[in-house]
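Some notes on the structure that comes next.
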Amino acid sequence: MEIKFYNSLSRKKEVFKSIYPGMVGIYVCGPTVYDYAHIGNLRSYIFSDLLRRVLEFNNYKVTQVMNITDVGHLESDADEGEDKMVESSRRHKKTPWELARYYSDDFMLRLEQLNIKKPGIICRATDHIEDMIAMVEKLMDKGYAYRIEGDGIYFEVEKFADYGKLSGNKLDALKAGARVDVNERKRHPADFALWKDAPPQHIMQWPSPWGPGYPGWHIECSAMAIKYLGEQIDIHTGGVDHVPIHHENEIAQSEAITGKRWVNYWLHGEFLQVDSGKMSKSLENFHTLADLLDKGYDPLAFRYLCLNAHYRSQLNFTFEALDGAQTALQRLRQGWQKLPASKKKPDAKLLQAFHSAINDDLNIPLAISYLWEAVRDGKPGSKELAARFDQVLGLKLDYVEKSKELPEDLQQLLKQREQARAEKDWALSDKLRDQLAARGVIVRDTKDGTTWEYNPPSDK
RNA sequence: GGCGGCAUAGCCAAGUGGUAAGGCAGAGGACUGCAAAUCCUUUAUCCCCAGUUCGAGUCUGGGUGCCGCCUCCA
């Protein structure tokens, strides 16, 4: 079955065709590890995970490369200000390396919690400085870059005819719209740093043909993508905010060197909003996954919430919506777990519908509606079918929450209640039920006896 | 100001020009001593105006509102 992706480059859905049959190379724009990832960042990696899983569902062998940027990402996209890693390390009184380690470990933990498959190759910018220097040298040799003494090496955008092809920005417009340019020595306001000279006290620095320095942002992605995936790659993903600067610059520097089209399909994930507005630290509507877990949410409830909206739509995050997602996920799992196992062939129509949904530019929300159908219809084979769907969706339908041990005193209360019920002393029984509820025990009286679920309030 | 995107029920949302998927919440019912959980049923004419068309949520133009990048952020 053919797969279609919306390609940011053409602004159209295109039929996907990989460079090599049966294999796909994907470069995922990874995090700059100077702080915790927030749920907006994480939405973006849920998207790249879905992309990978959809391709795998279609029997592609996927090579997924994700970078960890631990140097060179300056505070401003105009290549001004301090390196984010250095700035953050000063704030936290740790070395940039300690910091990178800490935040990338945390990032990896979050990916795991969200059931995001680990990319086959995860590469750090600081491990690839030589590759970047080699690229900058080539750009200098080819005349695409120039040096500003006492500052660094810059890419000259006007030398690259296609500059702006991804975002639709025109160089003239960029020039006209530019703010007061701090660096007036650049030949064009959109010129960007490939390499920055490091003053002696700058912590992160490496020797280079131009003296001690550190790489600019952008170059690490081109260097590592080309190193691991070759000069032409199938798919490159990232957030929409990267379209106008980061990815535009990546294209320019990569294609300037190779003279070939670099990326065939550019896929960009839309932003997550919070309460219909942007999420920012200053507005105090900034959430990390850890925050959600602290509030007692299942991390996959957040995944479900993200899956429920198309990756190219802005998703409005609210706790009401997250509650809904959590309930939906629980019901889905319960429903699936109750389904009878069967060796019968699953409903071919439903499989077909699911498959064509995911292949239509990752229409996961529609695909989820087919998952509900499979779980609700309870036909023979539905359980197996739903499990297959879950290989793409990654909601862990088989997950069973481990019930906590019930402390002795609560067990006593339960016993007393059983006794009261046997004696039809409903007043006492209900009173005990309230007491148990206050301690986090939910009781359910069924035909087969009373069951309970224990979640101590303090545990949340 | 420049460039790009969005606007569907209380909430999260899908939707290839032919009369609106799914989930959550709500309502009604079954079950229950009463609940809880579960199951069943049920809830919209798609921001506004004007066009194109036999027919538009879906196309065109104009409004209004929101979001993103250009300035920290996926």
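Computed from heavy atoms alone, side chains included, the values below leave out hydrogens, waters and symmetry copies. A note on names: the letters A, B, ... follow the listed sequences, proteins ahead of strands, and every chain is numbered from 1.
- Distance, A:Phe389 CZ to B:A21 P: 19 Å, rounded to whole Å.
- Counting non-hydrogen atoms under 4.0 angstrom, A:Arg417 reaches a base of the nucleic acid.
- Taking 4.0 Å as the cut-off between side-chain N and carboxylate O, A:Asp49 and A:Arg52 do not count as a salt-bridged pair.
- Using cut-offs of 30° and 60° for the angle between ring planes, the A:His287 and A:Phe319 rings count as perpendicular.
- Applying the 4.0 Å criterion to OP1 and OP2 of B:C67, one finds that A:Arg312 has every side-chain N and O outside that range.
- Across all strands, A:Arg444 comes closer than 4.0 Å to base atoms (heavy-atom distances).
- Contact of the A:Leu395 side chain with the A:Leu371 side chain is registered, since non-hydrogen atoms from C-beta on lie closer than 4.5 Å.
- For A:His38 against B:A74, a side-chain N or O and a base N or O form a donor-acceptor pair under 3.5 Å.
- No engagement by A:Gly269 is indicated, since no non-hydrogen atom pair under 4.0 Å with the nucleic acid exists.
- Using atom P as the reference point in both B:U43 and B:C24, the two lie 16 Å apart (nearest Å).
- Looking at A:Asp430, its side chain comes within 3.5 Å of the base of B:G33 through a donor and an acceptor atom.
- Taking atom C1' in both B:C70 and B:A13, one finds a spacing of 31 Å when rounded to whole Å.
- Remark: B:C59 base-pairs with B:G51; criterion is Watson-Crick or G-U wobble with both hydrogen-bond distances under 3.5 Å.
- In the set B:A13, B:G5, B:C24, B:G5 carries the atom at the smallest distance from any side-chain atom of A:Gln314.
- With both ends at atom P, the span from B:G23 to B:G18 equals 23 Å, rounded to whole Å.
- We find that CD of A:Glu320 is positioned 13 Å from C1' of B:G23, with the value rounded to whole Å.
- Using a 4.0 Å heavy-atom criterion, one finds that A:Trp372 contacts the sugar-phosphate atoms exclusively.
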Quick one: do A:Arg444 and A:Glu453 satisfy salt bridge (charged side-chain N to carboxylate O under 4.0 Å, His left out)? Show the steps, please. CA-CA 9 Å; A:Arg444 290 178 191 131; A:Glu453 201 177 295; 3.3 Å; yes
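- Contact annotation: A:Gln334 side-chain N/O to B:U38 OP1/OP2 distance is under 4.0 Å.
- The gap from the C1' atom of B:G28 to that of B:C67 amounts to 40 Å, rounded to the nearest Å.
- At whole-Å resolution of the value, CH2 in A:Trp217 and P in B:U71 are 12 Å apart.
- Within the 4.0 angstrom heavy-atom criterion, base atoms lie near A:Val443.
- When the P atom is compared between B:G22 and B:C39, the two are found 16 Å apart, to the nearest whole Å.
- The ring of A:Phe271 lies on top of the base of B:A74, close enough and flat enough: under 5.5 Å between centres, under 30° between planes.
- Looking at the side chain of A:Asp241, the nearest of the listed nucleotides B:G68, B:C24, B:A13 is B:G68.
- Nucleotides B:A35 and B:A74 are separated by 45 Å at their C1' atoms, to the nearest Å.
- The interatomic distance linking A:Leu332 (CG) with B:C24 (C1') rounds to 13 Å, in whole Å.
- Taking side-chain N and O atoms only, A:Asn363 has a distance below 4.0 Å to OP1 or OP2 of B:G15.
- Residues A:Ser429 and A:Arg417 come closest through the heavy atom pair O-NE, 3.2 Å.
- Across all strands shown, B:C34 forms no Watson-Crick or G-U wobble pair with both key distances under 3.5 Å.
- Within the nucleic acid shown, A:Leu305 comes within 4.0 Å of sugar-phosphate atoms alone, with no base atom in reach, counting heavy atoms only.
- The C1' atoms of B:A50 and B:U64 are separated by 15 Å, rounded to the nearest whole Å.
- At a cut-off of 3.5 angstrom, the base of B:C11 holds no donor-acceptor pair with the side chain of A:Asp323.
- For B:C12, one of the phosphate oxygens OP1 or OP2 lies less than 4.0 angstrom from a side-chain nitrogen or oxygen of A:Asn316.
- Contact annotation: A:Ser313 reaches the phosphate of B:A14 (side-chain N/O to OP1 or OP2, under 4.0 Å).
- Comparing the same atom, P, in B:U8 and in B:G51 gives a spacing of 24 Å after rounding to whole Å.
- Checked for salt-bridge contact, A:Lys13 and A:Asp360 meet the test: a charged N lies under 4.0 Å from a carboxylate O.
- Base pairing analysis places B:G1 opposite B:C70; the two distances defining the Watson-Crick or G-U wobble pair are each below 3.5 Å.
- Between A:Ser167 and A:Arg421, the one whose closest nucleotide on RNA chain B sits nearer the 5' end is A:Ser167.
- A straight line from NE2 of A:His310 to P of B:A13 spans 13 Å, rounded to a whole angstrom.
- Put simply, OH on A:Tyr6 is 13 Å from P on B:G15, counting in whole angstrom units.
- Of the candidate nucleotides B:A35, B:A25, B:A74, B:A25 has the atom lying nearest to any side-chain atom of A:Thr327.
- With hydrogens and angles left out, the side-chain atoms of A:Arg388 and A:Gln391 include no donor and acceptor closer than 3.5 Å.
- Positionally, the nearest nucleotide of RNA chain B for A:Tyr311 lies more toward the 5' end than for the other of A:Tyr311 and A:Leu329.
- The separation between A:Lys13 atom NZ and B:G15 atom P is 7 Å, rounded to whole Å.
- Phosphate proximity of B:G23 to A:Arg376: present, with a side-chain N or O under 4.0 Å from OP1 or OP2.
- Looking at heavy-atom distances under 4.0 Å, A:Tyr370 makes no contact with the nucleic acid at all.
- In the set B:G23, B:U38, B:C11, B:C11 carries the atom at the smallest distance from any side-chain atom of A:Ala321.
- Side-chain atoms of A:Arg433 come within donor-acceptor range of the base of B:A35, with a qualifying N/O pair under 3.5 Å.
- Of all nucleotides listed (B:C67, B:G5, B:A74), B:G5 comes nearest to the side chain of A:Arg11.
- When each of A:His247, A:His242, A:Glu248 is tested with A:Ser167 by the rule side-chain hydrogen bond (donor to acceptor under 3.5 Å, both in side chains), just one qualifies, namely A:Glu248.
- Whole-Å rounding puts the A:Leu371 CG to B:A14 C1' distance at 15 Å.
- The ring of A:Phe107 has its center closer than 6.0 angstrom to the ring center of A:Tyr45.
- Using N1 to N3 plus N6-O4 or O6-N4 for Watson-Crick, or N1-O2 and O6-N3 for G-U wobble, each under 3.5 Å, B:G10 pairs with B:C24.
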